[in-house]
There are 2 protein chains.
Amino acid sequence: MADRTSALGGLTIGAVARQAKVRTSTLRFYESVGLLAAPRRVSGRRVYDADVLDVLRLVHLAKGAGFTVAEIRRLMHGFDRATPASARWQAMAARKLRDVTMLIERARGMQKVLEALLTCECVELADCARPPRPATARRRNGSNR
Amino acid sequence: MADRTSALGGLTIGAVARQAKVRTSTLRFYESVGLLAAPRRVSGRRVYDADVLDVLRLVHLAKGAGFTVAEIRRLMHGFDRATPASARWQAMAARKLRDVTMLIERARGMQKVLEALLTCECVELADCARPPRPATARRRNGSNR
DNA sequence: CTACTTCTTCAAGCACACTTCAAGTCAAGG
DNA sequence: CCTTGACTTGAAGTGTGCTTGAAGAAGTAG
């Protein structure tokens, strides 16, 4: 008996926050950056329709896929209205997929460096990093950035 | 005939920056946070010995392995001086390896979401995100944070 | 009515790794 | 002497995604 439609015909910000498992501050922040439309107000307070929860799920999905707030905003309403939603997502998803794949490659590079570190026997720290030893023997290094 | 030892018996900050491929501001920043020892000065200006380049390679290596500046500082001189360098690195490398592995797993989750997005046919954006459709048919979702 | 909770706004803060800026100093070349 | 270019400092700015705080208004329970 907590969050019933609250005799306002909608949900308070607190109710939405509980159901979507975010903080109220997050909801206000999303509104301020255009991820959420400004809901109607009843004596100053936000009153949401239940479908805001769908939007929040969408945002969560997009965040999980690695999109930034700016990108999510573009996904949601930065496009030609005639283009079907799936096409919008797919175009950006393809680009993001490349980014994520590169991220994974970089992380794999880190793993290699770390694994090398785990088996190295340098006594001086600097020994681990010195590559300009032409052809003596061991050498291990990753790169980044 | 650019960066010869500059008649100072050392390298200027500009020379070090060029050779290490970082900006001078980065070198000052590293010094300010304790990654680089303060070099001697000649009329106020920093004059570095060539071995600063080894230290910078080390920093680069550590950054490449995903260590933060604070961690690199600890790696370099936050430890018992008696402990051999390799042991210091290894202890922290083991922890960081776990972090990186988790990062990769999260990124894989993102890939899955993105691949699903690429093959989805939703017309309404919200359709992509709605899981509360009990047992109808398709369903795809990743999670994060 | 009182107390308590929830809500409001707006500014500032956090973490991270630097970069940029302003205002000046200093050495070398012409 | 003057110009040029590299250097000095500390403070503030950048980007990302929120959180926190202050100060006050409005709602709800008893």
Footprint string (nucleotides 3-10 of chain D, 5' to 3'): B base within contact, S backbone only, - free, heavy atoms under 4.0 Å: ---BBBB-
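Cluster annotation: Leu118(A) is connected to Leu75(B) through the hydrophobic network of ILVMFWY side chains, with a link wherever side-chain heavy atoms come within less than 4.5 Å. Residues Leu103(B) and Met92(B) do not share a hydrophobic cluster, clusters being chains of Ile/Leu/Val/Met/Phe/Trp/Tyr side chains in contact below 4.5 Å. Val52(B) and Val33(B) fall within a single hydrophobic cluster, where Ile, Leu, Val, Met, Phe, Trp and Tyr are joined by side-chain heavy atoms under 4.5 Å apart, directly or via other members.
Contact between the side-chain N/O atoms of Ser25(A) and the OP1/OP2 oxygens of dT20(D) is not found at any separation under 4.0 Å. OP1 or OP2 of dC18(D) lies within a sub-4.0 Å distance of a side-chain N or O belonging to Lys63(A). For the OP1/OP2 pair of dC18(C) and a distance below 4.0 Å, the side-chain nitrogens and oxygens of Tyr30(B) include at least one atom meeting the criterion. In this structure, Ser43(A) reaches the dG27(D) phosphate: one of its side-chain N or O atoms is under 4.0 Å from OP1 or OP2.
The distance from atom CZ of Arg73(A) to atom P of dG15(D) is 13 Å, rounded to the nearest whole Å. Separating the CG atom of Leu27(A) from the P atom of dT8(C) is a distance of 10 Å, rounded to the nearest angstrom. Distance, Arg23(B) CZ to dC21(C) C1': 14 Å, rounded to whole Å. In this structure, Glu71(B) places its CD atom 13 Å from C1' of dA17(C), rounding to the nearest Å. Whole-Å rounding puts the Phe29(B) CZ to dA17(C) C1' distance at 5 Å.
Partners of Val22(A) by side chain to side chain contact (heavy atoms under 4.5 Å, CB included), not counting sequence neighbours, listed by chain and number: Ala20(A), Thr26(A), Leu27(A). Contacts of Asp49(A) classified as side chain to side chain contact (heavy atoms under 4.5 Å, CB included), with partners at least two apart in sequence or in another chain: Arg40(A), Asp51(A). In terms of the side chain to side chain contact (heavy atoms under 4.5 Å, CB included) criterion, residue partners of Glu105(B) (sequence neighbours excluded) are, by chain and number, Thr101(B). Under the side chain to side chain donor-acceptor pair (under 3.5 Å) criterion, Glu71(A) pairs with Thr68(A), Lys96(A), sequence neighbours left out.
Between Val42(B) and Ala70(B), it is Ala70(B) whose nearest contact on DNA chain C lies nearer the 5' terminus.
Within residues 93-100 of chain A, no residue places a heavy atom under 4.0 Å from DNA chain D.
Residues in residues 29-38 of chain A take part in these salt bridge (Lys or Arg N to Asp or Glu O under 4.0 Å) pairs, two or more places apart or across chains: Glu31(A)-Arg41(A), Glu31(A)-Arg46(A).
Scanning all heavy atoms of the two residues, the minimum distance from Met76(A) to Leu35(A) falls at CE-O, 3.7 Å.
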